[in-house]
Participant: 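I am attaching a structure below and will ask some questions about it afterwards.
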Amino acid sequence: MANQSGYHVAVVGATGAVGQQMLKTLEERNFPISKLSLLSSKRSAGKTVLFKGEEVVVQEATPEAFEGVQLALFSAGGSVSKQLAPEAVKRGAICVDNTSAFRMTEGVPLVVPEVNEADLHEHNGIIANPNCSTIQMVVALEPLRQQYGLKKVVVSTYQAVSGAGLNAINEMKQQSKDILEGKDVTPEILPVGGDKKHYQIAFNAIPQIDLFQENGYTFEEMKMINETKKIMHMSELEVAATCVRLPVETGHSESVYIETEKGGASVEEIRSLLANAPGIVLQDDPSNQLYPMATTSVGKNDVFVGRIRKDLDRDNGFHLWVVSDNLLKGAAWNSVQIAESLVKLQLLK
Ligand code: NAP
Ligand code: 3JM
C-alpha cells in the first residue's frame with residue numbers, strides 16, 4: 001500500500017493477536033503512512049490483510065524486507081526481533097519492539113509515554129515496549145509516585161489468554177467447549193508453549209506465565225519487577241509480583257498493593273489524583289458496585305483503576321485494582337503511542 005505523505009511503516013507479526021490490533025490502532029489513529037509493509041513468517045506470506053479498506057499482501061520477514069522502512073513495529077517473538085531489528089536499524093529504520101528481547105539492554109529506552117516519554121531522546125534505533133502487565137501498572141503508579149513517593153509495590157495479576165497469542169485463545173475456547181460436552185482435553189500450549197508440561201486453562205487458574213527462573217519467580221514476574229524499576233528510574237523500588245493466567249479472553253486485571261514514602265494521603269485524594277492523570281479512567285464507587293473489569297476494558301486504550309482502599313495496618317499502604325486491554329495499552333496502543341511521540345518529538349526521519 002502506498003500514497004504520498006507519511007512514513008514507510010513495517011508491521012512485523014502482522015497476522016498475530018498483537019499485529020492485528022496494531023493495524024486497527026494505526027488505522028483508527030490515522031497514523032501518517034506512505035507505504036505499509038506487512039511481515040510474518042513463511043506460513044502467512046501471500047495472505048492478504050485489510051487496511052483502510054485495501055487488501056495488503058503479507059510478505060515473509062527477511063532483512064531485505066526492511067529496505068526503505070522508516071518505522072518498524074515488531075511483535076513476532078523475541079528471536080525474530082533479535083535477528084531482524086538490527087537488520088532494520090542497519091537500513092535506517094527506528095524499531096518499536098514489543099518483545100522482551102531488548103527491554104533490559106542498556107541504551108534501549110523502555111517507554112510508557114505517560115511515564116517516561118523523554119527517554120525516547122536517547123534511542124539508538126531500537127525502542128522497547130514493556131510487558132503488558134508492567135505497562136498498565138506503571139500508568140497507575142506514576143501519579144502516586146509524583147505526589148507521595150513510592151517505596152514498595154506488591155502485585156498479583158489475573159491475566160487474559162490473548163496475551164499468549166492466537167493459538168492460546170483458540171485452545172481456551174476449544175477446551176471450554178469440549179469440557180462442557182463431557183469430552184477429554186489434551187492441553188498443548190498453556191501455560192507456556194515451550195515448557196515441559198501443559199495444563200488445562202478452561203475453568204482453571206494457572207500460577208505460571210512464561211518460564212520459571214532459578215530464583216523461583218517466573219520470567220513474566222521478573223519482567224514486571226525489572227521493567228518497573230527501569231521505566232520509573234527507581235532501582236531502589238521494592239517490587240514483588242505473582243502472575244496468574246485466567247480463562248479470560250482479553251483484559252488483564254491486577255491487585256496492586258503500594259507503600260508510599262509520605263503517609264497521610266486519603267482515599268479521596270488518591271481518587272482525585274488518578275481521575276485527573278493521563279491515560280487513566282477512575283471507576284471507583286463501591287456504593288454503586290462500580291469497579292473496573294476485564295470485559296469492560298476490551299477495545300479501550302485507557303487504564304482503569306478502582307477498589308482504592310487504605311491498608312488497615314499501615315498509614316502509607318494502599319490497595320488498587322488496575323485493569324486494561326492487554327492487546328491495546330499493553331501492546332499495540334502503547335507502541336503506536338510511542339510512534340506518535342517520535343513524530344511529535346521530531347525523532348522519526
Ligand atoms: P501470535 O498471535 O502467535 O502471532 C505471532 C505473529 O508472529 C504472527 O504474525 C506470526 O506470523 C509471526 N511470526 C512467528 N514466527 C515468525 C518468524 N519466524 N518470522 C516472522 N514472523 C513470525 O502472537 P502475539 O500474541 O501476536 O504475540 C507476538 C509477540 O508479541 C510475542 O511473542 C511477544 O514477544 C510480543 N507480545 C508482547 C506483549 C507485550 O506485553 N507488550 C504482549 C503480547 C505479545 P505467522 O502468521 O506467519 O505465523
Ligand atoms: C508476551 O519470544 C517469545 O517466545 C515471546 C514470549 C512472549 C513475550 C516476550 O517475552 O517477548 C509472549 C508474550 C511477551 C512479552 O511481552 O514479554
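Just so you know, these numbers use all the heavy atoms, side chains as well, and skip hydrogens, waters and symmetry mates. On a predicted model such as this, the values are computed, not experimentally measured, just so you know. Ligands are counted one by one from 1 in listed order, and the atoms in each one are counted from 1 as well.
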Participant: To the nearest 0.1 Å, how far is atom 6 (C) of ligand 2 from its closest protein heavy atom, and which atom is that?
Facilitator: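 It is D210 OD2, 4.6 Å.
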Participant: Is K24 atom NZ crowded by more than 12 heavy atoms from other residues, nucleotides or ligands, each under 6.0 Å away?
Facilitator: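 Counting neighbours around NZ of K24, 12 or fewer heavy atoms of other residues, nucleotides or ligands fall under 6.0 Å, so no.
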Participant: I need the Q147 CD to E261 CD distance, nearest 0.5 Å.
Facilitator: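 It comes to 14.0 Å.
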Participant: I need the contact type for A14 against ligand 1. Using non-hydrogen atoms and a strict under-4.0 Å cut-off, is it side chain, backbone, both or neither?
Facilitator: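 Answer for A14: backbone.
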Participant: Hey, which atoms in ligand 2 end up nearer than 4.0 Å to a heavy atom of T99?
Facilitator: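 Matching atoms, with element in brackets: 11 (O).
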Participant: N/O of S100 under 3.5 Å from N/O of ligand 2, yes or no?
Facilitator: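 For ligand 2, there is an N or O atom that lies under 3.5 Å from one belonging to S100.
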Participant: When you check the side-chain N and O atoms of S324 and Q136, is any donor under 3.5 Å from an acceptor?
Facilitator: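 Checked: S324/Q136 side chains show no N/O donor-acceptor pair below 3.5 Å.
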Participant: Check if N98 has a non-hydrogen atom at a distance under 4.0 Å from any atom of ligand 2.
Facilitator: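 Under 4.0 Å: yes for N98.
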Participant: Are more than 12 heavy atoms from other residues, nucleotides or ligands located less than 6.0 Å from atom CD of E64?
Facilitator: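 Yes, CD of E64 has more than 12 neighbouring heavy atoms, counting only those of other groups under 6.0 Å.
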Participant: Does the residue N98 have a heavy-atom contact with ligand 1, meaning some pair of atoms that are separated by less than 4.0 Å?
Facilitator: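 Checking ligand 1 against N98, which is what was asked, there is a heavy-atom contact under 4.0 Å.
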Participant: Consider side-chain contact (heavy atoms from CB on, under 4.5 Å). Of L237, L144, V138, which one does V153 pass it with?
Facilitator: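 Considering L237, L144, V138, a side-chain contact (heavy atoms from CB on, under 4.5 Å) with V153 is found only for L237.
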Participant: Parallel, tilted or perpendicular for Y257 and H319, by the 30°/60° rule?
Facilitator: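 Tilted, since the angle between the ring planes falls between 30° and 60°.
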Participant: Check each atom of ligand 1 against the heavy atoms of G163 and keep those under 4.0 Å away; list them by number with element.
Facilitator: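 Those of ligand 1 that fall under 4.0 Å from G163 are 43 (C).
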Participant: So, regarding C132 and ligand 1 (criterion: nitrogen or oxygen to nitrogen or oxygen, under 3.5 Å), is there a contact or not?
Facilitator: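 So ligand 1 has an N or O lying under 3.5 Å from an N or O of C132.
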Participant: For ligand 2, find out whether one of its N or O atoms is nearer than 3.5 Å to an N or O atom of C132.
Facilitator: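 Such a contact does not occur with ligand 2.
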Participant: Would you check whether K223 has a nitrogen or oxygen atom less than 3.5 angstrom from a nitrogen or oxygen atom of ligand 2?
Facilitator: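 There is such a contact, yes.
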Participant: Can you sort out which atoms of ligand 1 are near N129, meaning under 4.0 Å from one of its heavy atoms?
Facilitator: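 Checking each atom against N129, I get 41 (N).
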Participant: If you have a sec, work out which protein heavy atom is nearest atom 3 (C) of ligand 2 and how many Å separate them, to one decimal?
Facilitator: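 Answer, as residue, atom name and distance: G78 N, 3.7 Å.
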Participant: Any idea which part of Q20 is under 4.0 Å from ligand 1, heavy-atom wise: side chain, backbone, both or neither?
Facilitator: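 For Q20, there is no contact with ligand 1 at all, from either part.
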Participant: Looking only at N/O atoms, are V12 and ligand 1 under 3.5 Å apart anywhere?
Facilitator: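 Among all N and O atoms of V12, none is under 3.5 Å from an N or O of ligand 1.
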Participant: Could you list the atoms of ligand 1 found under 4.0 angstrom from a heavy atom of A76?
Facilitator: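 Listed by number with element: 7 (O), 12 (C), 13 (N), 21 (N), 22 (C), 29 (C).
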Participant: For N131 and ligand 2, does the shortest N/O to N/O distance drop below 3.5 Å?
Facilitator: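 In this structure, N131 places an N or O atom under 3.5 Å from an N or O of ligand 2.
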Participant: Looking at E268 and R271, does any basic side-chain N land under 4.0 Å from a carboxylate oxygen?
Facilitator: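 Yes, E268 and R271 are salt-bridged.
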Participant: Please indicate, with yes or no, if any protein heavy atom is found under 4.0 Å from atom 10 (O) of ligand 2?
Facilitator: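 Within 4.0 Å of atom 10 (O) of ligand 2, protein heavy atoms are found.
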Participant: Please could you name the atoms of ligand 2 that G77 approaches to less than 4.0 Å, counting only its heavy atoms?
Facilitator: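 Heavy-atom distances to G77 below 4.0 Å select 2 (O).
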Participant: Polar contacts were defined as any N/O atom of the residue lying under 3.5 Å from an N/O atom of the ligand; does this apply to S41 and ligand 1?
Facilitator: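 Among all N and O atoms of S41, at least one is under 3.5 Å from an N or O of ligand 1.
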Participant: Give the atoms of ligand 1, by number and element, whose distance to some non-hydrogen atom of S40 is under 4.0 Å.
Facilitator: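 In order of numbering, the contacting atoms are 11 (O), 20 (C), 21 (N), 47 (O).
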Participant: Judged on heavy-atom distance to atom 15 (N) of ligand 1, which of K223, Q21, R43, K42 sits nearest?
Facilitator: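 Nearest option to atom 15 (N) of ligand 1, by heavy atoms: R43.
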Participant: Please determine whether any non-hydrogen atom of P130 lies less than 4.0 Å from an atom of ligand 1.
Facilitator: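 Yes; P130 lies near enough to ligand 1 that a heavy-atom distance drops under 4.0 Å.
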Participant: May I ask you to say whether E67 pairs ionically with R91, meaning some side-chain N is under 4.0 Å from a carboxylate O?
Facilitator: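 Yes, charged N to carboxylate O under 4.0 Å.
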Participant: Would a 4.5 Å heavy-atom cut-off, applied to side chains only, mark T218 and P191 as touching?
Facilitator: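 Contact flag for T218/P191 side chains = no.
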Participant: Would you mind finding which of V161, I169, T15 brings a heavy atom closest to atom 10 (C) of ligand 1?
Facilitator: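 That would be T15.
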Participant: Give a yes or no on this: more than 12 heavy atoms of other residues, nucleotides or ligands lie within 6.0 Å of atom CD of Q346.
Facilitator: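 Atom CD in Q346 is not crowded, with 12 or fewer foreign heavy atoms closer than 6.0 Å.
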Participant: Between ligand 1 and Q83, can you find any atom pair, the residue atom being a heavy atom, that is separated by under 4.0 Å?
Facilitator: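 No; Q83 lies far enough from ligand 1 that no heavy-atom distance drops under 4.0 Å.
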Participant: What do you reckon, are the aromatic ring centroids of F31 and F51 less than 6.0 Å apart?
Facilitator: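 Here the rings of F51 and F31 have centres that are no less than 6.0 Å from each other.
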Participant: We want to know whether Q208 and D195 form a side-chain donor-acceptor pair, criterion being a heavy-atom distance below 3.5 angstrom.
Facilitator: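 Q208 vs D195: donor-acceptor pair found between side chains.
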Participant: Answer yes or no: is there an ion pair linking R145 with E142, defined by an N-O contact shorter than 4.0 Å?
Facilitator: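 Answer for the salt bridge query: yes.
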Participant: With rounding to the nearest 0.5 Å, note down the distance linking CG in N124 to CZ in F102.
Facilitator: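 One finds 12.0 Å between CG of N124 and CZ of F102.
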Participant: Under 4.0 Å between a Lys/Arg side-chain N and an Asp/Glu carboxylate O for K329 and E114?
Facilitator: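 Counted as a salt bridge, because a side-chain N and a carboxylate O are separated by less than 4.0 Å.
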Participant: Output the list of atoms in ligand 2 that are nearer than 4.0 Å to some heavy atom of R103, sorted by atom number.
Facilitator: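 Every atom of ligand 2 under 4.0 Å from some heavy atom of R103: 15 (C), 16 (O), 17 (O).
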Participant: Short N/O distance, under 3.5 Å, between L166 and ligand 1?
Facilitator: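 Yes; the residue has a nitrogen or oxygen that sits under 3.5 Å from a nitrogen or oxygen of the ligand.
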Participant: Using a strict 4.0 Å cut-off to heavy atoms of G163, name the atoms of ligand 2 that fall inside it.
Facilitator: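 What qualifies from ligand 2 is 13 (C).
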Participant: With backbone taken as N, CA, C and O and side chain as the heavy atoms from C-beta onward, which portion of V80 lies under 4.0 Å from ligand 1: side chain, backbone, both, or neither?
Facilitator: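 The part of V80 near ligand 1 is the side chain, not the backbone.
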Participant: Would G16 count as a polar contact of ligand 1, with the cut-off being nitrogen or oxygen pairs under 3.5 Å?
Facilitator: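 Yes, since at least one N or O of G16 sits under 3.5 Å from an N or O of ligand 1.
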